[in-house]
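These notes are about the structure you will find just below.
Just so we're on the same page: letters track the sequence lines, and every chain starts at 1. Values below: every heavy atom of this structure, side chains too, minus hydrogens, waters and symmetry copies.
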2 protein chains.
Amino acid sequence: MDKLSDICQKLHKLDYKVTPQRRVILRTFMEHATKHLSAEDVYNIVKQKHPDIGLATVYRTLDLLSEIDILHKINFGDGPSRYELCQHKSHHHHHMICLQCGKVEEFDADLLESLEKQLTNKTGFQVVNHQLKFFGYCKKCLQK
Amino acid sequence: MDKLSDICQKLHKLDYKVTPQRRVILRTFMEHATKHLSAEDVYNIVKQKHPDIGLATVYRTLDLLSEIDILHKINFGDGPSRYELCQHKSHHHHHMICLQCGKVEEFDADLLESLEKQLTNKTGFQVVNHQLKFFGYCKKCLQK
DNA sequence: TTTCATGCAAAGGTTTTGCATACGC
DNA sequence: GCGTATGCAAAACCTTTGCATGAAA
C-alpha cells in the first residue's frame, strides 16, 4: 500500500523533516506489519542498527506519525500503548484479545457502518473513526 | 439493578472481606452511575467523608471489583484508566469520544451479536465481552 | 543559515509493591 | 486468633519536557 517514499513525501508536504530516525522507525513498522509495537519495542528493534537513538525520539516520532494518520495508537489494557500502520484497511479491522494468554489477533469486518449512521441520527455525534475490541478465549486456549 | 447488599454478598461468597473502604467505594459508583471515574476521582470523592483512606487501597479495590465483574475498566486514551459499574446493560453500551472537547457520551445498541457469531465461526475465538469506541465530534463542537 | 529534530537527563503522571499494623470474620 | 485488607512510603513503569547540540532544508 503506502511505500516508505510516499510517507516521506507526506512528511515533506506537511513541513516535517525527513530524518534518519523517522525513516528507520517507519521501516520498523513496515517490517513488522502484523505486530502491535509499543514504544519500547520500537526502541529495542531500532537500537540494534542505530544505537544512538533516544527513547524520547521514538515517543515523539510515534506521536507525530499518529497525529498525521500514518500510525494508529491503541491501548490493549496491558501496560503501554501500541502502534500499527494505518493502511487503508484499518477502519474495518478489529482486535480479539485472549484473556488467557494475552495474544492479540485481528479480524476484518465492516458491519459498523449502519450502526454509525444510526448513532449520528439519534445523537448528532459525527463519527470519524471507531475502535472495536473483543475479549474472550482464543482457539488454542480453548483446546487446553 | 444490583444493590449494594447484593454486591457485598457476592464479595462474601468469593471469600473477600466486606470492609468499610470497599463499601464506600462501591457507594461512590452508585452515586455517580453516569460518570467514568478514575482511581484519583474515586480517591478524592471518598476522602471527603473518609479522610484516612489510601490511594493504594482505591487501586486495589478497583482491581478487585473489575476482576469479579462488578466494575468495568476502560481507557479512553487520555491519561488514567476509568471505571464504571458493569450492570446488565454494559455489554450493549458503547462510548462516543469527542476529539475536540474530550467529552465522553454513551450510546446503547446491540448490533454486535451477529458479528460475534460470525467471528467465532471463522476464527474459533470465543467472545465473552467487547468494547466499542467511536471517535468523532459531538453536537456542540459541530455547531461552533 | 534558519529552523526544527535529537539525545540526554530530569520530571511528571499513573499504578504497583513491601511491610508493619489493623480489622473482618 | 487467623488471615486478609489497609495505609504509608518507596519503587516501578510509561510518557513528557527542558535544554543544549546537531542536522535537514
Does His130(B) have its ring centroid less than 6.0 Å away from the ring centroid of His94(A)?
no
Tyr59(B) side chain near dT15(C) phosphate (N/O to OP1/OP2, under 4.0 Å)
yes
Given dC14(D), dC25(C), dA5(C), which nucleotide is nearest the side-chain atoms of Pro80(A)?
dC14(D)
Residue Pro20(A), side-chain atoms from C-beta onward, closest of dT6(C), dA24(D), dT16(D)
dA24(D)
Does Tyr43(B) reach the side chain of Ile53(B), with side-chain heavy atoms less than 4.5 Å apart?
yes
Map Gly79(B) and Lys17(A) onto DNA chain C by nearest heavy atom, then report which one ends up closer to the 5' terminus.
Lys17(A)
Reckon Arg60(A) touches a base, only the sugar-phosphate, or nothing at all at heavy-atom distances under 4.0 Å?
base
Which one, dT15(D), dG7(C), dT6(D), comes nearest to the side chain of Gln21(A)?
dG7(C)
Protein-nucleotide distance (Arg22(A), atom CZ; dA23(D), atom P), rounded to Å:
15 Å
Would you mind telling me which of dA5(D), dT3(C), dT6(D) lies closest to the side-chain atoms of Thr57(B)?
dT6(D)
Flag the pair Cys141(A) / Cys138(A) as yes when at least one side-chain heavy-atom distance between them is below 4.5 Å, and no otherwise.
yes
Phe134(A) versus Val127(B), closest heavy-atom pair with distance
CD2-CG1, 4.0 Å
Report the end-to-end axis angle of the helix from dT1(C)-dA25(D) to dC25(C)-dG1(D); each axis comes from five terminal pairs, and the value is rounded to 10°.
40°
Taking atom C1' of dA12(D) as reference, at what distance in whole Å does atom CG of Leu55(B) sit?
15 Å
Using a 4.0 Å heavy-atom cut-off across all strands, classify Asp15(B) as base, sugar-phosphate, or nothing.
nothing
Checking all strands, does Ser81(B) fall into the base, sugar-phosphate, or nothing category for heavy-atom contacts under 4.0 angstrom?
sugar-phosphate
Quick one: does Lys73(A)'s side chain get under 4.5 Å of Leu62(A)'s, heavy atoms only?
no
Quick one: His50(A) NE2 to dT6(C) P, roughly how many Å, whole number?
9 Å
Closest nucleotide among dT17(D), dT15(D), dT6(C) to the Ala56(A) side chain
dT17(D)
Residue whose nearest DNA chain C nucleotide is more 5′ - His12(B) or Tyr83(B):
Tyr83(B)
In whole Å, what is the span from the CG atom of Leu64(A) to the C1' atom of dT6(C)?
13 Å
Rounded to whole angstrom units, what separation is found between the CG atom of Leu11(A) and the P atom of dT3(C)?
20 Å
With no hydrogens and no angle check, is any side-chain donor or acceptor of Thr120(A) less than 3.5 Å from a backbone partner on Phe125(A)?
yes
At under 4.0 Å between heavy atoms, what does Glu40(A) touch on the DNA or RNA strands: base, sugar-phosphate, or nothing?
nothing
Specify the closest pair of heavy atoms between Phe76(A) and Arg82(A), including all atoms of both residues, with the distance to one decimal.
CD1-CD, 3.6 Å
From dT6(D), dA9(C), dA24(D), nucleotide with atom closest to Thr19(B) side chain:
dT6(D)
dC14(D) P sits how many Å from Asp41(A) CG, rounded?
10 Å
Spacing between Glu67(A) atom CD and dT15(D) atom P, to the nearest angstrom
16 Å
Atom CZ of Arg82(B) and atom C1' of dT14(C) are separated, to the nearest Å, by 12 Å
Less than 3.5 Å apart, any donor N or O on the side chain of His95(B) or Gln131(A) sitting next to an acceptor on the other?
no
